[in-house]
Amino acid sequence: MTSTVFPRQVRLLTAEDYRKVFGKADAKAQTGQILILAHRNDLGYARLGLVVAKKHAKRAVDRNEIKRMIRESFRHNQSKLENYDCVVLSRPGAKDLDKIQLRHMIDKLWTRLRQNPNGNRPRKKRTDQKN
RNA sequence: UGAGACGAUCGGGCAGUCGCCGCUAUUGAAUUAAUCGAUAGGGGAGGAAAGUCCGGGCUCCAAAGGGCAGGGUGCCAGAUAACGUCUGGGUAGCGAAAGCUAACAGCCAGUGCAGCAGAGAGUAUACCGCCGAUGGCCAAUCUUGUAUUGGAACAGGUAAGGGUGAAAGGGUGCGGUAAGAGCGCACCGCGCGGCUAGUAAUGGUUCGUGGCAUGGUAAACCUCACUCGGAGCAAGACCAAAUAGGUUCCUAUUGGCGCGGCCCGCGUUGGGAACGGGUAGGUUGCUUGAGCCUUAGAGUGAUUUAAGGCCUAGAUGAAUGAUUGCCGCCUUUCGAGGUGACAGAACCCGGCUUAUAGAUCGUCUCUUUUA
RNA sequence: CGGAGCGUAGCGCAGCCUGGUAGCGCACUUGCAUGGGGUGCAAGGGGUCGUGGGUUCAAAUCCCCCCGUUCCGA
């Protein structure tokens with residue numbers, strides 16, 4: 001598989017796919033603005049799903065912007081992500097970042113997800129798994 | 001040139017690289033279909049895509065005739081598929097003008113409402129004031145009377161003035177009167193009628209007539225005129241797994257259980273088949289349309305007629321992006337930085353409303369200033 | 001995407017239909033009762049009625065436009 005294409009198979013399409021990731025996250029990485037949850041699949045390649053809440057970014061333009069940046073970043077980094085199904089969630093404050101900051105942040109998060117799958121810094125322990 | 005009014009258009013451009021979503025053509029996976037790829041070509045957010053405030057198309061449901069109730073609209077005429085939209089005209093207000101704004105029908109059909117203040121708030125009223133002619137009261141005078149003069153303000157009259165209020169029942173002047181009053185007259189305003197211009201709203205009038213009402217509120221009930229069935233593409237149509245369940249038939253003279261002493265039989269259960277409903281999911285609806293552009297004709301105009309040309313997003317955990325260079329524009333501390341504002345299609349159109357950096361074009365006005 | 005509501009004091013709600021005075025409970029402040037607290041009694045403060053227009057003499061209330069927020073419908 002080439003490293004920079006983004007065809008249909010690498011997206012999470014059904015509610016079932018999302019439920020698996022939310023039900024049991026094998027890895028995660030986060031900052032104040034972005035949270036990534038991941039779950040291993042049997043397909044041999046990584047897939048991406050997006051959740052950008054209307055509450056966090058009021059305007060449709062902002063939501064599209066965030067989703068496009070994440071997708072673009074995933075496209076360039078997907079070969080490193082093995083067979084993870086990733087769901088990227090926005091958090092309040094995501095809309096206040098400009099495009100460049102957002103891009104750098106996500107690029108770093110992929111690396112962190114791979115190197116440190118259980119990934120929290122100890123002081124920022126968040127135990128609740130709701131959503 | 002400056003200030004301003006109205007209308008229209010645009011909403012960075014070109015090229016390269018890496019991606020995403022439809023379409024068309026060719027082609028591959030044994031073959032048809034479906035599906036999944038490959039290559040090439042061509043397309044891919046807006047003027048508001050927004051708010052969902054109106055109106056239609058389209059779809060299903062209901063009814064199929066009429067009325068009531070309820071909602072909406074509201075100067076007149078026209079445009080339109082339709083409208084609460086638009087155009088033209090009228091009236092009123094604002095502005096120096098170009099122009100702009102107006103839910104702009106009816107409270108002389110009825111019912112209601114108007115707190116506080118104020119004397120009085122709707123077939124007017126009498127607090128202060130004014131008058132007190134007339135009828136009474138008191139005093140003086142001499143002519144002794146149905147007298148004259150003066151006084152008080154009892155009855156009474158009054159709507160000029162003060163005061164209250166958002167609003168006090170035409171205005172000004174003259175006459176008139178005890179004081180006043182449309183009580184009378186003139187002018188202005190108003191109502192009704194006539195004549196006249198206009199399709200009409202409405203305007204004009206050296207015409208006649210009425211003394212003068214007909215106060216405000218209908219985004220109060222209401223009256224009048226016109227109009228409206230309900231829901232919405234998450235509508236609707238089609239295909240249809242797993243699991244559970246329904247109907248019908250077959251199978252077992254050789255299954256189990258129950259009814260029974262036993263057989264037949266019946267019920268239930270097992271196995272199989274068919275049928276219909278239908279969830280997850282999928283397909284469709286889904287983009288050729290009251291479409292756009294150009295020219296010509298009709299009309300003051302909205303708009304419309306004819307001819308020719310064009311095809312211009314169709315996603316569905318939801319595409320339309322990222323990056324590099326040049327040009328253009330803006331800021332600048334001359335190193336450089338930014339690329340804009342409002343904002344992202346979700347069945348489709350016609351409007352309205354709201355948000356909006358900047359740029360361009362056209363028509364028109366002018367109290368001032370310049371030529 | 002479509003369709004319904006709701007915004008009033010710090011919090012939860014009345015008042016709106018039928019226009020003139022914004023009220024109730026909890027909370028808050030002060031005083032009294034108690035040695036002190038809780039509790040009780042009495043008094044008091046606090047509201048651009050979400051925003052901006054319009055109708056009206058007068059708008060929380062009637063009518064429009066915006067802004068939040070909640071709930072429905074595969």
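Below, chains carry the letters A, B, ... as their sequence lines are ordered, and counting in each starts from 1.
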Check the chi torsion on rG193(B) and let me know: syn if it falls within 90° of 0, anti if not. anti
Pairing residues for K80(A) by the side-chain contact (heavy atoms from CB on, under 4.5 Å) criterion, not counting sequence neighbours: N77(A), R114(A)
Which pairs count as ring-ring contact (aromatic ring centres under 6.0 Å, His included) when at least one residue sits in residues 47-72 of chain A, sequence neighbours excluded? none
Among residues at least two apart in sequence or on other chains, which ones pass side-chain hydrogen bond (donor to acceptor under 3.5 Å, both in side chains) with N64(A)? none
Name the residue closer to the 5' end of RNA chain B, choosing between Y18(A) and N64(A) according to the nucleotide with the nearest heavy atom. Y18(A)
Going by side-chain contact (heavy atoms from CB on, under 4.5 Å), name the residues that satisfy it together with E65(A), two or more places apart in sequence or in a different chain. K99(A)
Could I get the full list of salt bridge (Lys or Arg N to Asp or Glu O under 4.0 Å) partners for R68(A), not counting sequence neighbours? none
Between rG12(C) and rA220(B) - P atom distance, rounded Å: 33 Å
Should L109(A) and I34(A) count as side-chain neighbours, where that means a heavy-atom distance under 4.5 Å? yes
What pattern of brackets, bars and dots sums up RNA chain C from 5' to 3', given Watson-Crick or G-U wobble pairs under 3.5 Å, [ ] for crossing pairs and | for another strand? (((((((..((((......[..)))).((((((.....)))))).....(.(((..]....))).)))))))).
Taking only N/O atoms, report every protein-nucleotides 67-71 of chain C pair under 3.5 Å with atom names and distance.
{"from": "rU69(C)", "atom 1": "OP2", "to": "K58(A)", "atom 2": "NZ", "distance (Å)": "3.4"}

List the residues meeting salt bridge (Lys or Arg N to Asp or Glu O under 4.0 Å) with R63(A), not counting sequence neighbours, and say none if there are none. none
Any idea if rU91(B) is syn or anti, going by the 90°-from-0 cut? anti
Base orientation of rU312(B), chi within 90° of 0 counted as syn, else anti, reads syn
Please produce a list of atom pairs where a protein N or O lies less than 3.5 Å from an N or O of nucleotides 320-324 of chain B.
{"from": "rU320(B)", "atom 1": "OP2", "to": "R68(A)", "atom 2": "NE", "distance (Å)": "3.0"}

Would you tabulate the nitrogen or oxygen pairs shorter than 3.5 Å linking the protein to nucleotides 341-343 of chain B?
{"from": "rA343(B)", "atom 1": "OP2", "to": "R59(A)", "atom 2": "NH1", "distance (Å)": "2.9"}

Any salt bridge (charged side-chain N to carboxylate O under 4.0 Å, His left out) involving residues 29-39 of chain A? Give me the pairs, sequence neighbours left out, ordered by first then second residue. none
For R40(A), enumerate each residue passing the side-chain hydrogen bond (donor to acceptor under 3.5 Å, both in side chains) test, keeping only those at least two apart in sequence or located in another chain. E82(A), N83(A), Y84(A)
